[in-house]
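First up is the structure itself, then whatever we jot down about it.
Hydrogens, waters and symmetry mates are skipped; everything else that's a heavy atom, side chains included, is used. We count ligands from 1, going down the list as the structure has it; atoms in each ligand are counted the same way.
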Amino acid sequence: MLKDSLLKALSHQVNQEYYSAYLYLAMSSYAEGMGFKGIANWFFVQAQEEMAHGIHMYQYILERGSAPVFADIEAPPSSFESIQDAFEKVLDHEQHVTESINAIATLALQEHDHAGYTFIMWYVKEQVEEEASAGDILAKFTNFGGDPALLFTLNTEMAARVFVNPFPAA
Ligand code: FEO
């Protein structure tokens with residue numbers, strides 16, 4: 001069984017992963033409404049990944065013989081100022097998630113839960129990729145934001161993204 005503190009933290013993180021999925025669905029819907037189907041696809045795949053992160057953590061809580069604590073999922077913003085604004089919010093959000101995941105890793109160590117610590121390390125590594133990916137996209141806006149072709153190029157590139165379940169056996 002998980003200690004109560006870790007159960008609460010992991011349950012809260014499951015909620016955060018689902019909030020992340022909601023946030024990316026809101027961004028996908030925004031991009032779709034702007035006519036950028038490729039960018040909408042990128043956000044949609046991101047939302048699918050977040051749901052996979054949440055389910056994997058939920059299953060881990062059960063595997064440890066505990067029962068997840070459920071709570072309301074916050075509503076995401078309903079609109080964005082621009083596609084660039086959405087990606088700026090992606091980076092802000094992923095930085096916030098990184099802090100939350102790191103706090104779970106610290107808690108697992110404090111509780112001497114080495115299995116829990118090993119489990120959460122996958123998410124620690126994933127957050128490095130998540131932040132790097134958002135940072136790379138934002139760098140394009142910094143470097144080429146004055147070029148009206150940027151959004152069309154991004155739209156074409158992002159149409160190719162395909163969801164791959166990071167936990168295929170789950
Ligand atoms: Fe579940 Fe965006 O990290």
> Of all N, O or S atoms in Glu94, which has the smallest distance to atom 2 (Fe) of ligand 1?
Replying inline: OE2
> Any ion pair linking Lys89 and Glu81 (charged N to carboxylate O, less than 4.0 Å)?
Replying inline: no
>> Do Met158 and Ile137 have side chains that approach each other closer than 4.5 Å (heavy atoms only, starting at C-beta)?
In response: yes
> Are Asp113 and Arg64 close enough for a salt bridge, meaning some N to O gap below 4.0 Å?
Replying inline: yes
>> Is it the case that the side chains of Glu131 and Thr98 hold a donor-acceptor pair, with the cut-off being a distance below 3.5 Å and no angle test?
In response: yes
>> Give me the number of protein N, O or S atoms whose distance to atom 1 (Fe) of ligand 1 is under 2.8 Å.
In response: 3
>> Quick one about Gln59 and Glu63 (side-chain donor to acceptor, distance below 3.5 Å, no hydrogens or angles considered), yes or no?
In response: no
> Among His93, Gln46, Lys125, Gln95, which one satisfies side-chain hydrogen bond (donor to acceptor under 3.5 Å, both in side chains) with Glu130?
Replying inline: Gln46
